[in-house]
Amino acid sequence: MISTLLSVVSLRDLTLVQAVCRHGSFNSAARAMHISPSGLSHQVQKVEQALGSPLFERGGRRIVPTAGGRRLLLQIDAVLAAAEHLQQAARAGAVAFGGELRLGVPVSLGPYLLPHLVDPFPQHFPGARLSLSEGKPRGLLRRLHEGELDAVLAPPSRPASGIAMRPLFFEPWELMLRADHPLAGRRAVALDQLDPGEAILMAESHADGLDGHGGHVQDVSLESLAALLGLRGGYALVPALARERLASMPGMVLVKIRGEAPGREIALYWREATPWHDDLQALAELLRKLARQRPGLRVA
């Protein structure tokens, strides 16, 4: 039998506890969950009283779980995951993705791929809404694992337990040069023609072809990367899907890399426990079809 104290604990209460653990701070968790810090503290204490055990150590610069709290937080994660699966199963069937697909995409991919996905999505998945979140691949995959997203597009990596992955396509890098660069008039340029010390590299491309050879690694958007290039000169490696937008920027030139160009692979990730396997496989096929239509992309 569930105790009277535990029976009045809501899923919202457990979500607030999970947020404190994730953020390591009552103030940060309160801002993320749109609740006052005092209200959050009260709800966490309510859960602790119902469980008969403190979940967190207070008083330090960072809130950390107690030894017993770590074990209980694993069970709280399991309860919330089960509730999410129950909700998904209830919505699944009549409408693809239960009516909404929460898709995570890297900031260096979303603006350049999604315009090609938004139009055909309603035709392939009638009645389903596409909700988009941009971020860094590691953060997006964490949010997928925690149930905040339904699927994520990201470079392949070893999936966490309970996460499925399907490779989609390979996207080569191209060279972005300032228009006054000596090589800007070439149709193609080999990497060994470039001075590695002049490279301004996006974090994703920094391991591809020029890692360990100098240059400046910048964790910024592609538009900001182009702005830096305009100020400093040199060159950058950028994804082929961004060619049209970046080439339209004043003073910028896009040049293909001669020979076998480095690049990135993109895969689709989802939770193995999802009830929407068929819908996600159909989404993967749609994305592969779109990739075949884009110059330079190679379907995996």
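Atom CG in L40 sits 9.0 Å away from atom CG in N27 (nearest 0.5 Å). Here CG of L225 is found 8.5 Å from CG of L246. Values are rounded to the nearest 0.5 Å. K46 NZ to L51 CG: the interatomic distance, rounded to the nearest 0.5 Å, is 11.5 Å. R186 CZ to Q193 CD: the interatomic distance, rounded to the nearest 0.5 Å, is 5.5 Å. Separation of atoms CG (L73) and CZ (R22) is listed at 11.5 Å; rounding is to 0.5 Å. To the nearest 0.5 angstrom, L16 atom CG is 11.0 Å from S41 atom OG.
Between L117 and L130, the closest side-chain pair of non-hydrogen atoms falls below 4.5 Å. By the 4.5 Å heavy-atom criterion applied to side chains, L268 and L153 are counted as neighbours. P137 has its side chain out of reach of Y269: every pair of non-hydrogen atoms, C-beta onward, lies at least 4.5 Å apart. Looking at heavy atoms from C-beta onward, F26 lies in side-chain contact with V44 at the 4.5 angstrom threshold. Side-chain contact check for L72 versus S53: some heavy-atom pair is nearer than 4.5 Å. A heavy-atom distance below 4.5 Å is found between the side chains of L55 and V17. In this structure the side chain of R12 never reaches within 4.5 angstrom of the side chain of Q43, judged on heavy atoms.
Across all their heavy atoms, P156 and I266 have their closest contact at CD-N, 4.2 Å. The minimum heavy-atom distance linking V253 with A184 is given by the pair CG1-O, 3.4 Å. Considering every non-hydrogen atom in both E171 and L241, the closest pair reads OE2-N, 2.7 Å. The minimum heavy-atom distance linking L140 with V152 is given by the pair O-CG2, 3.6 Å. Counting all heavy atoms, side chain and backbone alike, C21 lies closest to P65 at SG-CG, 4.2 Å. Minimum heavy-atom separation, S133 to L149: OG-CD2, 3.8 Å.
The closest donor-acceptor contact from the side chain of E174 to the backbone of A240 lies at 3.5 Å or more, if one exists at all. A donor-acceptor pair under 3.5 Å links the side-chain atoms of H181 to the main chain of L183, judged by distance alone. Although no hydrogens or angles enter the test, the distance criterion places a donor-acceptor pair under 3.5 Å between the side chain of H277 and the main chain of E272. Distance alone, capped at 3.5 Å, places no donor-acceptor pair between the R232 side chain and the E198 backbone. Checked by atom type and distance alone, the side chain of E134 never pairs as donor or acceptor with a backbone atom of V107 at under 3.5 Å. Judged by distance alone, with hydrogens and angles left aside, the side-chain atoms of R271 form a donor-acceptor pair with the main-chain N or O of L144 at under 3.5 Å. Remark: side-chain polar atoms of Y112 are not paired, donor with acceptor, to backbone N or O of R243 under 3.5 angstrom. Distance alone, capped at 3.5 Å, is enough to place a donor-acceptor pair between the R178 side chain and the G230 backbone.
Annotation: D278, atom CG; neighbour count of heavy atoms from other residues, nucleotides and ligands within 6.0 Å does not exceed 12.
Pairs of residues two or more places apart, or lying in two chains, that qualify as side-chain hydrogen bond (donor to acceptor under 3.5 Å, both in side chains) and include a residue from residues 284-294 are R166-E285. Listed by first and then second residue, the ring-ring contact (aromatic ring centres under 6.0 Å, His included) pairs that reach into residues 117-146 are F97-F125, F121-F125, sequence neighbours excluded.
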Inset, instruction - Please lay out, stage by stage, how W270 and D150 fare under the test side-chain contact (heavy atoms from CB on, under 4.5 Å). - result: CA-CA 6 Å; W270 65 86; D150 302 313; over 6 Å; no
Inset, instruction - Begin from the C-alpha positions of R264 and L109 and carry the test side-chain contact (heavy atoms from CB on, under 4.5 Å) through to its verdict. - result: CA-CA 11 Å; R264 63 178 175 184; L109 176 66; 3.8 Å; yes
Inset, instruction - Check the pair L194, L191 against side-chain contact (heavy atoms from CB on, under 4.5 Å), reporting the backbone distance first and the verdict last. - result: CA-CA 6 Å; L194 299 163; L191 289 178; 4.0 Å; yes
Inset, instruction - Verify side-chain contact (heavy atoms from CB on, under 4.5 Å) between L237 and L175, making sure each step is shown before the conclusion. - result: CA-CA 5 Å; L237 293 178; L175 287 172; 3.6 Å; yes
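No continuous path of ILVMFWY side-chain contacts below 4.5 Å connects F170 to L287, so the two sit in separate hydrophobic clusters.
Listed by chain and number, the residues in a side chain to side chain donor-acceptor pair (under 3.5 Å) with R31 are S28 (sequence neighbours excluded).
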